[in-house]
Amino acid sequence: MRIAQLGLAVTVLLGWELAARYGAIDEFFFSRPSDIAVRLSDWFGSGSIWRHMRLTVVEAALGLGIGGIAGLVLGFALARMRFVAAVVEPYVRIGNALPRVVLAPIFLLWFGLGIWSKVALGVSLVVFIVFFNTYQGVREADQLLVDNARMLGATERQLWRYVLLPSALTWILASLRLSVGFAVIGAVVGEYLGSASGLGYLIAQAEGTFDTTGVFAGIAVLCAVVVVVDMAADRAERHLLRWQPVRGTAITKGKQE
């Protein structure tokens with residue numbers, strides 16, 4: 001699988017390079033992978049890219065953390081309070097339907113050009129994803145397990161810890177993995193619209209001077225950051241869900257017996 005994935009990437013990059021070199025595509029609009037590699041080498045060699053990466057990662061991490069916690073709390077609370085959930089449901093759907101990117105200029109006015117306007121945009125993108133998954137995960141908990149836990153004398157806190165949270169954990173982790181990309185989008189879009197540093201600022205500066213090589217190089221760095229974070233999230237998810245049986249194991253054992 002890894003060889004096939006690497007082969008696909010090499011094929012695409014090689015085709016892109018040859019198409020640019022022999023005039024099949026215009027280098028002004030698409031640049032060349034070799035030029036992008038040279039630019040990346042210059043950035044990392046001089047160390048100028050690190051402060052931009054660090055700022056974007058911090059903004060995305062704060063947006064993911066704050067939005068994730070807010071979504072978890074709201075999802076658990078509304079899932080257990082049916083009447084309140086029914087009252088606020090139309091407003092939650094309106095908020096979710098609102099294109100959060102259009103809020104970026106407002107966040108810039110409220111919080112300025114510093115880090116918190118980007119964090120606010122990231123939170124607005126993440127919170128609804130985590131909220132809806134948490135809410136659905138808690139609602140999907142087996143009611144028989146909930147009733148049995150209550151019959152055995154479980155308190156509300158124990159019910160949340162030992163029944164509801166494990167039942168919703170798969171939903172929550174899936175939403176957090178999806179939210180990683182949206183947190184990065186929030187940070188980059190905010191930097192793109194107004195900032196003095198960050199990967200979004202770097203891409204905006206390159207775009208302003210028609211430097212397609214710089215634009216693609218910035219996108220490549222962003223992709224690398226998201227892939228690394230996603231791999232870390234995947235490892236954490238497997239660790240947290242290690243108590244769950246592997247699908248197909250029980251069936252295989254039954255056939256062997």
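Not measured: the values here are computed from a predicted model.
By the rule that hydrophobic residues join a cluster once side-chain heavy atoms approach within less than 4.5 Å of another member, Val180 and Ile219 end up as members of one cluster. Leu222 and Val229 fall within a single hydrophobic cluster, where Ile, Leu, Val, Met, Phe, Trp and Tyr are joined by side-chain heavy atoms under 4.5 Å apart, directly or via other members.
Remark: Asp42 does not engage Arg39 in a salt bridge, criterion side-chain N to carboxylate O under 4.0 Å.
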Identify each donor-acceptor pair in which a side-chain atom of residues 101-130 lies under 3.5 Å from a protein atom, sequence neighbours left out, and give them as a table.
unit_1: Ser117; atom_1: OG; unit_2: Gly112; atom_2: O; d: 3.0
unit_1: Ser117; atom_1: OG; unit_2: Gly114; atom_2: O; d: 3.1
unit_1: Lys118; atom_1: NZ; unit_2: Leu113; atom_2: O; d: 2.7
unit_1: Lys118; atom_1: NZ; unit_2: Gly114; atom_2: O; d: 3.2
unit_1: Lys118; atom_1: NZ; unit_2: Gly194; atom_2: O; d: 2.7
unit_1: Ser124; atom_1: OG; unit_2: Leu121; atom_2: O; d: 2.6

Listed pairs under 3.5 Å, donor-acceptor, residues 55-72 side chains, sequence neighbours left out:
unit_1: Thr56; atom_1: OG1; unit_2: His52; atom_2: O; d: 3.1
unit_1: Thr56; atom_1: OG1; unit_2: Glu191; atom_2: OE1; d: 3.1
unit_1: Thr56; atom_1: OG1; unit_2: Glu191; atom_2: OE2; d: 3.0
unit_1: Thr56; atom_1: OG1; unit_2: Leu199; atom_2: N; d: 2.9

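Val10 belongs to a hydrophobic cluster whose other members, connected by ILVMFWY side-chain contacts under 4.5 Å either directly or through intermediates, are Leu6.
One N or O on the side chain of Glu17 and one on the backbone of Ser34 form a donor-acceptor pair closer than 3.5 Å. With Thr11 contributing its side chain and Gly7 its backbone, the two residues share a donor-acceptor pair below 3.5 Å.
Distance CD1/Ile25 to CH2/Trp16: 7.0 Å, rounded to 0.5 Å. How far CZ of Arg93 is from CG of Asn96: 8.0 Å, rounded to the nearest 0.5 Å.
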Run Trp171 and Tyr135 through ring-ring contact (aromatic ring centres under 6.0 Å, His included) and show every step you take. CA-CA 9 Å; Trp171 293 77; Tyr135 179 80; over 10 Å; no
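Across all their heavy atoms, Ser31 and Phe216 have their closest contact at CB-CD1, 4.3 Å.
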